[in-house]
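Please read the structure below before turning to the comments.
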Number of protein chains: 2
Amino acid sequence: MSVTSKEIRLAARPVGMPKESDFEVAEATIADPKDGEVLVRNIWMSVDPYMRGRMMDRESYVPPFQIGKPLEGGAIGQVVKSKSDKFKEGDYVNSMLGWREYFVSGADGLTKVDPNMGPIEAFLGVLGMPGLTAYAGLMRVGELKDGENVFVSAASGAVGSVVCQLAKAHGCYVVGSAGSDDKCEWLEKEAGIDKAINYKTCGDLDAAVKAAFPKGIDVYFENVGGAHLQAAINYMNPFARAALCGMIEQYNATEPAPGPNNLIMAVGKSLKLQGFIVSNHFDLLPDFYAEMSKLIPAGKMKWQQTVEEGIENAPKAFLNLFTGKNFGKMLVKVGNDPAV
Amino acid sequence: MSVTSKEIRLAARPVGMPKESDFEVAEATIADPKDGEVLVRNIWMSVDPYMRGRMMDRESYVPPFQIGKPLEGGAIGQVVKSKSDKFKEGDYVNSMLGWREYFVSGADGLTKVDPNMGPIEAFLGVLGMPGLTAYAGLMRVGELKDGENVFVSAASGAVGSVVCQLAKAHGCYVVGSAGSDDKCEWLEKEAGIDKAINYKTCGDLDAAVKAAFPKGIDVYFENVGGAHLQAAINYMNPFARAALCGMIEQYNATEPAPGPNNLIMAVGKSLKLQGFIVSNHFDLLPDFYAEMSKLIPAGKMKWQQTVEEGIENAPKAFLNLFTGKNFGKMLVKVGNDPAV
């Protein structure tokens, strides 16, 4: 017995800002699992800015998506048929096989999700890759010390909002930037940071960053690039660290944008700018879970999510990442969770 | 009894490329040393690119030079009168009080130079700050591992030439860039690097760097900035390190130059770009001397120097740093060494 599964395929490689027609909804027939395999029905899937990079045909740390093939990405689903001794029917699993309703997979690449730790969709956000990205970037790459001064760009996003609250939990002075007054209000009132800068309305971002950091910046968590990075470098203290997580401003650029014009300051101030990808830091998972399992029950780790319903709306959800229409983690609800 | 000492003062803050009229030769009267002090006659003084930064009126890791006051910088001199129990007449000392013929100083800030370790002027170059800069940048900031692939810009300079030979001593594949065929020839034939690129005549620097590094770059030692840095980022391997020592291209810029347009690659390749200044790495001096005292006698650490005679020619020597007229360490011979 097979099932029919709707999936989203890459129809064309986007040029500049992606558009709906770069994607197509298709149906695939999913065969029964063989020995050692499971059939999974996806419930939640994630759309993330980094996926834009995989839509380009270039050498990278992950292979590019192929035209005519389904996209991939983080997803939480439920095992509906199991021929693996590692999973039983009803188990929730985290996979990289999002953008589709059903899939068959071996046990490798699936991890069990404990629905008692939090809502299952949190494993795509605060308890998942975005959360671990925040933790690895801030603690290991950023070498955070308690009480330092931290600047976070895209601070209300899935990664940034965790960075902000982790830094606050470590006694830091935290300033974040976001693109709307709603997001800024959430950052100050809910996430509890010291100051939020609306970079779209603040006028001179450099002046706003300067004013927000009378004692300079010790750690800059970079999600945006461009003017944000340049301003951060201007006000970073000697021996400050920039954890380069992403530069969303540039993902849809058709021409390479010039870099910061003040990189020379990295010499005199002994700055460290270091890029990272979360998959090289999975060894931090136990430490990360330990910290989150203290912060979440204590109400010190809050999150926002924006949900689109139905696999057909996954492209729209993805496109909204680049226009700032999401608030916090952007998710697509692909199917029902029988437990909710 | 006092002595008359010629000295070079900053006459005006240079705008763009410095010119002779930004400097003036003056005479000062140097009083006898008081208790605990010594009178030193300078023999050699150093001119270095970093001094350009101190000619600007800006906040920096060292205070700016003052107009109408003598400049400062590394110098080797001889004690001619001592009222300190730490130095006796005839001792050679290293100080930061160059750009003048004589000075009086307390013992702090003076270090004795052992003329048996090498020619005394080498303590301004291969055995001095440039040498230690090379060592700290390559070994600590660059985290060099034996056998890696190393790219060095301004490779025939006082710092770069030591970087090249240290890396060769660690079994590395080493490519350097320089601005003349003479320099390139010296790098390949004397310093023994694998390939030298004449960045002025190679046409497309990016293509030349790509061709020179079929296995990519593991450590980039940055002295130049601009197109060099951009090319290095393009061909750096995952987890590669860039030790940012200087960006001489930009020192005389009147407008900030745009940075590399490919900094986003630092994310996907987990690159580290880290600036440093030698004064934070003086703890490496014993390790550095230990390594140099093996390499120099073995003929594995060669150097070039360009000498201008007479304190009056110090400004000219300094200006030549920015036109590529120096070859290796640029020195000014301020007085005679009675031992030579």
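By convention in this document, chain letters (A, B, ...) are assigned in the order of the sequence lines, proteins followed by strands, and residues within each chain are numbered from 1.
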What is the distance from atom SG of Cys202(A) to atom CG of Asp204(A), rounded to the nearest 0.5 Å? 7.0 Å
Determine whether more than 12 heavy atoms belonging to other residues, nucleotides or ligands lie under 6.0 Å from atom NZ of Lys69(B). no
Rounded to the nearest 0.5 Å, what separates atom CE in Met55(A) from atom CZ in Phe318(A)? 3.5 Å
Heavy-atom distance under 4.5 Å to chain A: side chain of Ile264(B), backbone, both or neither? both
Steps toward side chain to side chain contact (heavy atoms under 4.5 Å, CB included) verdict (Ser279(B), Met129(B)): CA-CA 9 Å; Ser279(B) 50; Met129(B) 296 272 258; 5.9 Å; no
Could you tell me which residues satisfy side-chain hydrogen bond (donor to acceptor under 3.5 Å, both in side chains) with Gln66(B), sequence neighbours excluded, listed by chain and number? none
Inter- and intrachain pairs under salt bridge (Lys or Arg N to Asp or Glu O under 4.0 Å), touching residues 210-226 of chain A, at least two apart: none
Do Asn320(B) and Thr323(B) pass the side chain to side chain contact (heavy atoms under 4.5 Å, CB included) test, and can you show the C-alpha distance, the side-chain angles, and the key distance before you say yes or no? CA-CA 5 Å; Asn320(B) 284 349; Thr323(B) 53; 4.1 Å; yes
Per-residue contact mode, Leu263(A) against chain B (heavy atom under 4.5 angstrom): both
Rounded distance (nearest 0.5 Å) linking atom CG of Leu205(A) with atom OH of Tyr199(A): 10.0 Å
Within residues 230-260 of chain B, which positions have a heavy-atom distance to chain A below 4.5 Å? Phe239(B), Leu244(B), Cys245(B), Gly246(B), Met247(B), Gln250(B), Tyr251(B), Pro256(B), Ala257(B), Pro258(B), Gly259(B), Pro260(B)
Against chain B, residues from residues 131-161 of chain A with at least one heavy atom under 4.5 Å, in numeric order, are none
Among Asn280(B), Asn262(B), Leu229(B), the residue with the most heavy-atom pairs under 4.5 Å to chain A is Asn280(B)
Decide side chain to side chain contact (heavy atoms under 4.5 Å, CB included) for Lys272(B) and Phe276(A); before the verdict, give the C-alpha distance in whole Å, the side-chain angles of both, and the deciding distance to 0.1 Å. CA-CA 9 Å; Lys272(B) 184 184 87 161; Phe276(A) 71 103; over 6 Å; no
If every non-hydrogen atom of Arg54(B) is compared with every non-hydrogen atom of Pro63(B), which pair is closest and at what distance? NE-O, 3.0 Å
Could you walk me through whether Lys329(A) and Asp48(A) pass the side chain to side chain contact (heavy atoms under 4.5 Å, CB included) check? CA-CA 9 Å; Lys329(A) 181 69 195 114; Asp48(A) 300 279; 2.9 Å; yes
